[in-house]
Every structure is written in C-alpha cells, then in structure tokens.
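Following: one structure in structure tokens, then a few remarks.
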Amino acid sequence: GDPLLLARVDSNESTLEMAQGRQAESLPIQQRAARQFERFGLIDEFVISLANQISAHLALLQPAPALAASDQGWSYLGRVQDRDVRNLFRYQRAGALQENGRLGESRILLDEMIREADASRDWPQRAIAQVSLAGLDLRLGETATALLLARQALPHLPGPEFDRSRAAGWRIATQALQVLGRLPEAAEEVRAFRAWAATTGDPMVRLDAVLAEAGQAAAEGRSGEARSLYAQAMDLARQRGAANTT
C-alpha cells in the first residue's frame, strides 16, 4: 500500500525491461512511476524517469513523443540536485532534439555538457556527449571534426556498460575515414571494430560493426559484398525490432 515504494519498484522494473530490449513494455511502467515521483516532489527521480522515457521513444522511432517528454522535464532541470541526473537528461534531450530536426539546439546542449564536464569525474558523460556530437557533425558534413571527436571519446568508454556508445563512436570514426577517402586506415579500423564487437555478445554492437563493414565494402567498390552486408544489417535490425515488440 505504499505508492512511493511501488513507484520505485515500477522504475526499476522498467529499467530492466529496457535493458532487455523491451522498450514498448517499459514505457507505461515508467510513465506510471513518473506520475508518482512528480506527485511526491521527488524531482531527481521524476527527471530520471523522463530521461528513460525519451530513450525508449527514440529506440521505438517515436521522435515527437520523445521531444514531448523532453519538454516536460526541461522546466524541472534547475531543481535537479544530482549533476549526473542533469547530464543524463541533457544527453537524452539532445537526442530528441536531433531526431526532430532541431540540430542547432542539440549542438548547444552537447557543447555545454562537454565544456562543463569535470575531467576528474565526468569522463564517461563527456565521452558519450562527444560521440553524439560527432554523429551530428558527420550528418552536417563536418567530417574531420566528427573523426576527431569520435577518436577522443573512444579511449574513455572502456567498460561493458559503455559498449553501445563505444560501438556508435567507432562506427562514426570508420564512416568519417571512408568519407575522407582514407580507405586503408578505415579498413584497419573496421577489422579491429569487428573483432571487438564479436567479444561483446551485444546484438546492437554487432549491428554497428556490420554497418561499418558494409560502408567499407561500398567505399572500396565491392558493391555485391556491400549489398549482402546491408541485407545482413537489415535482418539484425528487424530481429531487434521484433524483440522490442514481443
């Protein structure tokens, strides 16, 4: 009969669902928990819940609801006590802004996170923000800057909890090298990326590695191999999508 304790159980259950790839199932649980956290004035917990909702909506390719959750939490950010919670929310909001075409606002937010990071304690958050900013720069044609940011971030994402961010950064680095025409260097990176990805057992990491291989094959003119690898990547993505809805 303790509604606050139930909300905390809901929040933990939702986090577990997300970790297992069931974002669709996690959303109503997280939304229920968020309402209780807001009701009891637990702002940090409320904002964490909204950050998780943003992440789930983005994984489900729902940019508008992701932005709505982001806007809901933005007005509360000044009342958040924990700096890690602030960074988590700002990172997720930057992703929502990007997926809704508000690239300039996303860049400002990521730049702020990188600039304000404390090198002695915030290195993972800084590196994750650098990966996201590198992806944005690659989309905008700032290829050399994207490569620099991705390479700066990768050494600071060593543990298994950062595998997906590391994979995203590594794929951005290989794409940048391919666009810049540095194909032998890109090929070495792709080989190292593929070997590391095989050790993680994470299907999302494997998907990024296959996409890097496909991009390399295309850049080297091996069109048949590239098509085969892209088809493999599509199969992996479909399997992941099916897992998210079962």
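- Applying the salt bridge (charged side-chain N to carboxylate O under 4.0 Å, His left out) test to every pair with at least one member in residues 52-70, sequence neighbours left out, gives no pairs at all.
- The backbone N or O of Arg171 lies less than 3.5 Å from no partner atom in the side chain of Asp208, so there is not a single donor-acceptor pair.
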With a 3.5 Å cut-off and sequence neighbours excluded, list the donor-acceptor pairs that the side chains of residues 44-59 form with protein atoms.
residue : atom : partner : partner atom : Å
Asp44   : OD1  : Gln81   : N            : 3.0
Asp44   : OD2  : Asp82   : N            : 3.1
Ser49   : OG   : Gln30   : O            : 3.0
Ser49   : OG   : Gln30   : OE1          : 2.8
His57   : ND1  : Gln62   : OE1          : 2.7

Worked verdict on Leu157 versus Val131 for side-chain contact (heavy atoms from CB on, under 4.5 Å): CA-CA 10 Å; Leu157 298 166; Val131 168; 4.0 Å; yes

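- Both Ile43 and Val85 sit in one connected hydrophobic cluster of ILVMFWY residues. Membership requires side-chain heavy atoms under 4.5 Å apart, directly or through other members.
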Step-by-step side-chain contact (heavy atoms from CB on, under 4.5 Å) determination, Leu211 to Gln175: CA-CA 9 Å; Leu211 286 169; Gln175 286 179 286; over 6 Å; no

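- For the side chain to side chain contact (heavy atoms under 4.5 Å, CB included) test, no residue two or more places apart in sequence or in another chain qualifies with Asn12.
- The shortest distance between side-chain heavy atoms of Val80 and Phe89 does not fall below 4.5 Å.
- Between the CD1 atom in Ile108 and the CZ atom in Arg102 there is a gap of 11.0 Å [rounded to 0.5 Å].
- Scanning all heavy atoms of the two residues, the minimum distance from Ile114 to Ala129 falls at CG1-CB, 3.8 Å.
- Considering only residues two or more places apart in sequence or on other chains, Leu4 meets the side chain to side chain contact (heavy atoms under 4.5 Å, CB included) condition with Asp2, Arg8, Phe37, Phe40, Leu42.
- Pairs passing the salt bridge (charged side-chain N to carboxylate O under 4.0 Å, His left out) check and including a residue from residues 64-78, sequence neighbours excluded, read Asp71-Arg93.
- Within the 4.5 Å cutoff, side-chain heavy atoms of Leu183 are placed close to those of Gln216.
- Grouped with Trp170 in one hydrophobic cluster are Leu154, Phe193, Trp196, Val205, the linkage being side-chain heavy-atom contacts under 4.5 Å among Ile, Leu, Val, Met, Phe, Trp and Tyr residues.
- Atom CG of Leu109 and atom OG of Ser132 lie 9.5 Å apart (nearest 0.5 Å).
- Pairing each heavy atom of Met113 with each of Gln125, the nearest pair is CE-O, 4.4 Å.
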Stepwise salt bridge (charged side-chain N to carboxylate O under 4.0 Å, His left out) check, Arg22 with Glu25: CA-CA 5 Å; Arg22 296 196 290 265; Glu25 288 82 358; 5.0 Å; no

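- Residues Arg194 and Glu213 meet the side-chain proximity criterion, which asks for heavy atoms closer than 4.5 Å.
- The two residues Ala94 and Ser106 make their nearest non-hydrogen contact at O-OG, 2.9 Å.
- Atom OG of residue Ser11 and atom CD of residue Gln36 lie 12.0 Å apart, to the nearest 0.5 angstrom.
- The side-chain hydrogen bond (donor to acceptor under 3.5 Å, both in side chains) search around Arg79 returns none, not counting sequence neighbours.
- Each side chain to side chain donor-acceptor pair (under 3.5 Å) pair with one or both residues in residues 146-155, not counting sequence neighbours, appears once here: Gln130-Gln152, Arg151-Glu185, Arg151-Glu189.
- Applying the side chain to side chain donor-acceptor pair (under 3.5 Å) test to pairs two or more places apart or on separate chains, those with a residue in residues 224-234 are Arg222-Glu225.
- Scanning both residues, Thr199 and Ala195, for their nearest heavy atoms gives CG2-O, 3.4 Å.
- Partners of Trp74 under the ring-ring contact (aromatic ring centres under 6.0 Å, His included) rule, at least two apart in sequence or in another chain, do not exist in this structure.
- Partners of Arg35 under the side-chain hydrogen bond (donor to acceptor under 3.5 Å, both in side chains) rule, at least two apart in sequence or in another chain, do not exist in this structure.
- When all heavy atoms are compared, the tightest approach of Ala197 to Ala209 is CB-CB, 3.7 Å.
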Trace of the salt bridge (charged side-chain N to carboxylate O under 4.0 Å, His left out) decision for Arg90 with Glu116: CA-CA 12 Å; Arg90 288 197 293 179; Glu116 295 171 9; 3.2 Å; yes

Report all side-chain donor-acceptor pairs from residues 133-149 shorter than 3.5 Å, counting only partners two or more places apart or in another chain.
residue : atom : partner : partner atom : Å
Asp137  : OD1  : Arg107  : NH1          : 3.1
Asp137  : OD1  : Arg107  : NH2          : 2.5
Arg139  : NH1  : Gln98   : OE1          : 3.4

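- Rounding to the nearest 0.5 Å gives a distance of 5.0 Å between OH of Tyr91 and OG of Ser165.
- Panel note: side chain Arg206, backbone Ala198; no donor-acceptor pair is recorded below 3.5 Å.
- Summarising the geometry of Leu236 relative to Val210, their closest heavy-atom pair is CD1-CG2, 4.0 Å, with the distance given to 0.1 Å.
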